[in-house]
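Proteins come first, then strands; the chains are lettered A, B, ... in the order of their sequence lines, and each starts at number 1. The structure displayed is predicted, hence computed values, not measured ones.
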Number of protein chains: 2
Amino acid sequence: MAVSKKRKTLKVQEAGARLRAAGLRPTRQRVALAQLLGAGHRHVSAESLHQEALKAGMPVALATVYNTLNQFTEAGLLREVVVGSGRSYFDTNTDAHQHFYCEDDGSLVDIPGKTIEVAGVPVPPRGMTIERVEVVVRLKRA
Amino acid sequence: MAVSKKRKTLKVQEAGARLRAAGLRPTRQRVALAQLLGAGHRHVSAESLHQEALKAGMPVALATVYNTLNQFTEAGLLREVVVGSGRSYFDTNTDAHQHFYCEDDGSLVDIPGKTIEVAGVPVPPRGMTIERVEVVVRLKRA
DNA sequence: ATTTCAATTTGGAATAGTTCTAAACTGTGT
DNA sequence: ACACAGTTTAGAACTATTCCAAATTGAAAT
């Protein structure tokens with residue numbers, strides 16, 4: 001048989017523990033999604049994660065995937081990456097880091113945290129605080 | 001009567017000239033929109049520009065506004081700024097510069113071109129070239 | 001184990017922003 | 001004035017996401 005490249009998933013236990021730690025009730029669906037997201041650094045869209053869950057034999061409604069991704073993001077388990085209107089990516093790497101974004105195929109590639117240095121960020125307008133400085137390096141096929 | 005703050009618009013002539021220079025046929029609608037966009041630095045959405053055109057007595061279909069904004073962007077007359085999914089802004093300032101984005105009210109404020117310095121941008125993946133390095137400083141109400 | 005109830009999930013409808021389509025119209029060259 | 005490619009238009013279609021009200025479920029109490 002052909003060598004199948006299977007993605008590693010988290011154990012149910014560990015996924016549940018992470019959810020509890022984040023203050024989220026570990027329901028069947030949330031645990032399933034946390035398992036899929038849990039291992040390694042990944043970039044997913046609601047749609048792609050939904051497909052993945054179905055293929056993995058963990059049926060979840062698309063609306064639940066949306067809810068869950070948003071809750072995980074609020075809880076600090078994920079980071080939302082905005083690259084283009086109409087496309088939302090969620091990044092399992094919540095550390096400070098940046099991205100390459102290829103406009104041709106919509107793919108996203110990490111740039112490690114310490115690589116890019118941003119200097120000279122001005123003081124924000126009155127009554128505002130900086131939440132995050134986001135850098136996206138937009139690419140085109142050469 | 002109250003002092004009305006009226007936005008300056010371009011003369012028809014000048015708007016037409018700009019369009020020709022960009023290789024776009026100066027139709028009535030394109031001229032009208034170019035007039036509205038022409039003076040000063042602005043951030044518009046398709047919807048906001050559409051409203052503005054209607055109020056200015058220059059009826060244009062929303063679809064035309066979309067077409068036109070996209071054409072202007074392709075022609076280098078505008079720059080698209082991506083800040084959040086579902087929201088597309090077009091910036092009349094096409095020089096290299098960055099933005100503050102306030103997540104609370106969706107507003108966009110320019111950061112002048114030379115203010116922010118980005119260092120350490122890595123070499124792009126094989127066969128790719130950097131089209132633009134985009135920096136968005138996300139703000140929250142303090 | 002059973003009961004209880006708020007939290008969660010669900011499928012479908014609803015919404016928002018944008019693009020598409022086919023027919024009507026218009027700018028420009030002759 | 002004429003012709004025609006380019007443009008505009010209204011509305012349908014589409015995509016990504018959120019909303020909704022009903023059904024289900026996890027966890028705490030009995």
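The shortest distance between the side-chain N/O atoms of A:Ser88 and the OP1/OP2 oxygens of D:dA16 is not below 4.0 Å. Residue A:Asn70 places at least one side-chain N or O under 4.0 Å from the OP1 or OP2 atom of D:dT18. Distances shorter than 4.0 Å separate some side-chain N or O of B:Tyr66 from OP1 or OP2 on C:dT18.
Remark: the B:Ser88 side chain and the B:Glu80 side chain contain an N/O donor-acceptor pair separated by less than 3.5 Å.
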Provide a list of protein-nucleic acid N or O atom pairs under 3.5 angstrom, restricted to nucleotides 26-28 of chain D.
| residue | atom | partner | partner atom | Å |
| --- | --- | --- | --- | --- |
| D:dG26 | O4' | A:Arg25 | NH1 | 3.0 |
| D:dG26 | N3 | A:Arg25 | NH1 | 3.4 |

With the criterion being N/O to N/O and under 3.5 Å, what pairs connect the protein with nucleotides 10-15 of chain D, and how long is each?
none

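In this structure, B:Arg30 atom CZ and C:dC25 atom C1' are separated by 14 Å, rounded to whole Å. Counting to the nearest Å, the C1' atom of C:dT18 and the CG atom of B:Asn67 are 10 Å from each other. Rounded to a whole Å, the NE2 atom of B:His50 is 16 Å from the C1' atom of C:dA16. Rounded to whole Å, atom C1' of C:dC20 lies 14 Å from atom CD of B:Gln71. Counting to the nearest Å, the C1' atom of D:dT9 and the CG atom of B:Leu54 are 13 Å from each other. Put simply, CD on A:Glu74 is 15 Å from C1' on C:dT8, counting in whole angstrom units. Distance, A:Met58 CE to C:dT10 P: 13 Å, rounded to whole Å. When the P atom of D:dG6 is taken as reference, atom CG of B:Leu19 falls 17 Å away, rounded to whole Å.
Using a 4.0 Å cut-off between a side-chain N of Lys or Arg and a carboxylate O of Asp or Glu, A:Arg42 and A:Glu52 qualify as a salt bridge. Classification of B:Glu131 and A:Arg138 as a salt-bridged pair fails, no side-chain N sitting under 4.0 Å from a carboxylate O.
One finds the CG atom of B:Leu49 at 8.5 Å from the OG1 atom of B:Thr68 (value rounded to the nearest 0.5 Å).
Listed here is the closest heavy atom pair of A:Leu139 and B:Pro125: CD1-CD, 3.7 Å.
B:Val60 is connected to B:Leu78 through a chain of hydrophobic side-chain contacts under 4.5 Å among Ile, Leu, Val, Met, Phe, Trp and Tyr, so both are in one cluster.
Considering only heavy atoms from C-beta on, B:Arg30 comes within 4.5 Å of B:Leu24 through its side chain. Between A:Phe72 and A:Leu37, the closest side-chain pair of non-hydrogen atoms falls below 4.5 Å.
Screening residues 32-67 of chain A for ring-ring contact (aromatic ring centres under 6.0 Å, His included) gives A:His43-A:His99 as the qualifying pairs, with residues at least two apart or on separate chains.
Within the nucleic acid shown, A:Ser45 has no heavy atom closer than 4.0 Å to any nucleic acid atom.
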